[in-house]
Amino acid sequence: MSTSGSFAGLAARRRAAGLLVQPRMGFSDPRWMRAGLAAVRRARAATVGTLTLDSYTRVKDYDTAERALADGYPLNGYPLVTHGPDTTRAVLDGIQGPGFPVQVRHGSPLPDDIIAALVTAGLDATEGGPVSYCLPYSRVPLREATASWARSCERFAELRDRGVEPHLESFGGCMMGQMCPPGLLIAITVLEGLFFHRHGLRSISLSYAQQTDARQDEEAVAALRSLATAFLPDDTDWHIVVYTYMGKYPRTHGGALLVLRAAAELAVRTGATRLIVKTPAESYRIPTIEENVEALEFAGAAAAAEATRTPPDPARVPDTGIAAEARQLIEAVLDLHPDVGQALVRAFAKGYLDVPYCLHSDNHGRARGYIDEAGRLRWASVGSMPIRGITGGTREHTVGSSELLSALSYVERTHDLLALRSQDTRTSDALDAGTTAADLRQA
Amino acid sequence: MLMNPLNAAVAPRGRTVLLSSVSSDSHTWNLVFLQLLLEEMGHRVINLGACVPDELLVRECSAIRPDLVVISTVNGHGQVDGARLIGKLRSEPRTRDTPVVIGGKLGITGGAEADGMARRLVSAGFSAVFQDDAEPAEIGRFLASLDHPAPRHPVAAS
Ligand code: B12
């Protein structure tokens with residue numbers, strides 16, 4: 001295996017520097033993008049840089065991206081393909097380097113242009129997957145996305161011929177951001193990892209997005225680790241990346257930071273390598289450079305504080321069946337076809353995988369998640385997935401708009417409330433351990 | 001990606017609502033929520049889902065001839081995508097007079113220039129623009145106001 005590649009030394013850096021924290025940052029103006037990357041590099045935390053791409057690039061609408069740039073209309077991300085390799089090299093020059101890897105995050109079911117553009121610009125790390133960048137992101141048929149991702153992975157893997165080890169992260173641990181119980185998230189990210197390996201990649205990360213309950217999330221990340229160990233071939237260099245909550249986010253500054261702190265703690269307790277952060281602006285607009293830096297430093301400090309605490313007793317987290325459920329899904333899918341890409345397409349056609357509330361026409365759309373009385377995310381209905389009864393799935397009932405909105409707002413509501421309460425007393429348990437300057441300022 | 005009703009039945013005086021995102025926007029929780037809400041009010045909803053190309057929307061709108069088109073978008077490109085889309089709907093005889101509203105997070109600045117944006121979108125042809133903090137149930141009031149429509153251009157022969 002080649003030794004160069006910006007994500008190749010990540011595990012060693014994690015051991016030396018602590019949890020790696022990374023933003024979802026992207027601006028259409030190259031000067032801002034460069035300033036943002038420089039600020040992330042300088043931040044007082046072990047950071048990884050990000051180029052988050054805009055929505056036009058994600059759907060290959062390069063004309064509109066170009067017109068928006070010409071009109072000076074700011075986009076929701078960096079238009080990598082439209083800016084071209086010279087501009088991107090200038091954005092990265094002197095910032096990206098051995099101590100500071102930069103990853104491209106996008107959300108494109110047909111990633112060929114993006115992979116070609118990032119390789120030409122001298123980048124070697126990105127994110128995605130045939131399922132996770134198709135079903136929640138597009139109306140492209142799953143079969144087409146799978147074929148495109150297969151070709152793009154193979155092309156990306158050719159970087160190795162030049163002595164560079166390319167890195168690909170599966171977004172499978174996110175699926176719709178909310179309301180998808182952990183077993184399915186784990187199964188999809190492991191299956192995408194297998195797909196990446198099958199198409200030539202050897203440096204891979206698997207993801208898990210924080211959900212509604214810390215203990216459940218701990219069990220889930222442990223399950224992900226054991227299943228990745230069991231299923232990924234031995235020549236895979238893999239790590240786990242945790243995403244700070246990806247659903248409807250708290251509106252208060254304090255509430256947003258409480259969710260971020262819990263995500264940093266989850267990442268440390270479960271031995272994750274990286275954490276993707278969210279900022280207090282998440283609920284309403286694209287965050288500024290300063291807000292990104294604040295979130296990174298806050299998460300880094302929260303992770304460092306958690307690392308000094310006694311490591312959790314594994315017995316503390318009871319086994320509620322998440323690992324068994326995920327394994328059952330993975331095995332059922334792999335049994336459908338010797339090629340994992342085709343197996344995935346068949347699995348969705350048969351409803352063996354079914355993402356709750358996903359409108360994509362290749363998704364059965366019969367599965368439903370709900371948040372139980374204790375705040376855990378569970379199956380109300382599993383549709384045709386072969387997992388009925390392992391962690392739930394027998395609570396079928398009709399969900400109306402207000403019940404749906406209430407479930408989507410659970411994390412927002414509980415954390416905003418906690419933050420407002422601690423503002424009153426200033427002594428809340430939630431805020432005293434590891435409180436940083438940032439939340440004292442807010443309190 | 002035409003969707004079946006998620007839940008409720010159509011009321012006798014229910015309207016037909018075409019619900020859609022814009023071409024660059026993949027967010028769908030907003031669409032799922034609005035579909036349920038409109039169905040609970042007794043309306044029939046056709047939900048076109050994520051990343052709807054302008055041409056598809058114009059085609060569906062011409063074929064279905066809905067009482068109302070609701071555009072919901074939150075990715076911050078709604079100002080650009082909405083303005084382009086409404087231009088296309090207004091230049092087609094069959095969709096020229098269809099009421100079309102837009103709402104969600106229409107820019108990336110958290111509503112900093114909301115008023116100017118709303119004015120531009122209305123002058124581009126939207127019947128109403130709802131800001132991010134608007135009560136979604138206001139769509140119901142808008143639909144009710146269609147019962148006493150202001151005189152409008154005659155619709156081209158169907
Ligand atoms: C979940 C989520 C996702 C999921 C979406 C999955 C899916 N298929 O839906 C994933 C992870 C895939 C995702 C991806 C992206 N996202 Co997103 N996402 C969110 C998030 C966290 C929650 C949205 C949600 O589920 N809301 C629940 C629904 C029910 O509520 P709502 O959407 O807010 O809509 C309400 C109102 O706006 C109103 N409403 C909406 N439409 C209409 C229409 C009318 C007529 C009326 C009256 C009312 C109305 O009614 C709703 C109920 O109150 C928000 C931030 C947040 N809110 O916390 C970001 C957010 C919307 N995403 C954002 C962005 C930019 C993206 C990306 C481009 C990635 C990026 N650069 O960060 C991609 C999108 C790719 C694309 N092609 O568009 C930005 C938009 C920025 C802006 N507008 O300023 C936000 C605000 C996050 C942020 N601060 O950066 N996202």
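A, B, ... follow the sequence lines: proteins, then strands. Residue 1 opens every chain.
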**Request:** Among the options A:Leu75, A:Asp71, A:Thr64, pick out the one with the most heavy-atom pairs lying under 4.5 Å from chain B.
**Result:** A:Leu75
**Message:** Looking at every heavy atom in both A:Ser55 and B:Asn75, which two are closest together, and how far apart are they?
**Reply:** OG-ND2, 3.1 Å
**Message:** Taking atom CZ as the centre, does A:Arg143 end up with more than 12 heavy-atom neighbours from other residues, nucleotides or ligands that are less than 6.0 angstrom away?
**Reply:** no
**Per-residue contact mode, B:Asp25 against chain A (heavy atom under 4.5 angstrom)** = neither
**Asked** What is the minimum heavy-atom distance between A:Arg139 and B:Leu48, and which atoms define it?
**Response** NH1-O, 2.8 Å
**Asked** Looking at OH of A:Tyr284 and CG of B:Asp133, how far apart are the two atoms once the value is rounded to the nearest 0.5 Å?
**Response** 13.5 Å
**Prompt:** Within a reach of under 6.0 Å around CZ of B:Arg84, are more than 12 heavy atoms found that belong to other residues, nucleotides or ligands?
**Reply:** yes
**Request:** For residues B:Cys51 and A:Ser138, report the shortest heavy-atom separation together with the two atoms involved.
**Result:** SG-CA, 4.4 Å
**Item:** Atom CZ of B:Arg44: over 12 foreign heavy atoms under 6.0 Å
**Value:** no
**Asked** Is a side-chain donor or acceptor of B:Glu40 paired with a backbone partner of A:Gly400 at a separation under 3.5 angstrom?
**Response** no
**Item:** Among the listed options A:Arg58, A:Gln178, A:Met179, the residue most often paired with chain B at heavy-atom distances under 4.5 Å
**Value:** A:Gln178
**Asked** Which atoms form the tightest heavy-atom contact between B:Gly49 and A:Leu359, and what is the distance?
**Response** CA-CD1, 4.0 Å
**Request:** First locate atom CZ of A:Phe27, then atom CD1 of B:Ile108, and finally report the distance between them rounded to the nearest 0.5 Å.
**Result:** 8.5 Å
**Complete:** Of the listed B:Val74, B:Leu38, B:Asp81, the one with the largest count of heavy-atom pairs under 4.5 Å with chain A is B:Asp81
**Request:** Identify which part of A:Ile286 has an atom lying under 4.5 Å from any heavy atom of chain B, answering side chain, backbone, both or neither.
**Result:** both
**Message:** Looking at A:Asn76 and B:Gly76, would you say the former's side chain and the latter's main chain have a donor-acceptor pair under 3.5 Å?
**Reply:** no
**Request:** Counting only heavy atoms closer than 4.5 Å, note whether A:Ser283 contacts chain B via side chain, backbone, both or neither.
**Result:** backbone
**Prompt:** Is it the backbone or the side chain of A:Tyr73 that comes under 4.5 Å from a heavy atom of chain B, or both, or neither?
**Reply:** side chain
**Nearest heavy-atom neighbours spanning B:Trp29 and A:Met176** = NE1-O, 2.8 Å
**Complete:** OG (A:Ser401) and CG (B:Leu36) are apart, to the nearest 0.5 Å, by 6.0 Å
**Item:** Contact residues of residues 115-123 of chain B (partner chain A; heavy-atom separation under 4.5 angstrom)
**Value:** none
**Prompt:** Heavy atoms, side chains only, cut-off 4.5 Å: are B:Val80 and A:Tyr56 in contact?
**Reply:** yes
**Asked** If you measure from CG on A:Leu405 to CZ on B:Phe33, what distance do you get to the nearest 0.5 Å?
**Response** 4.5 Å
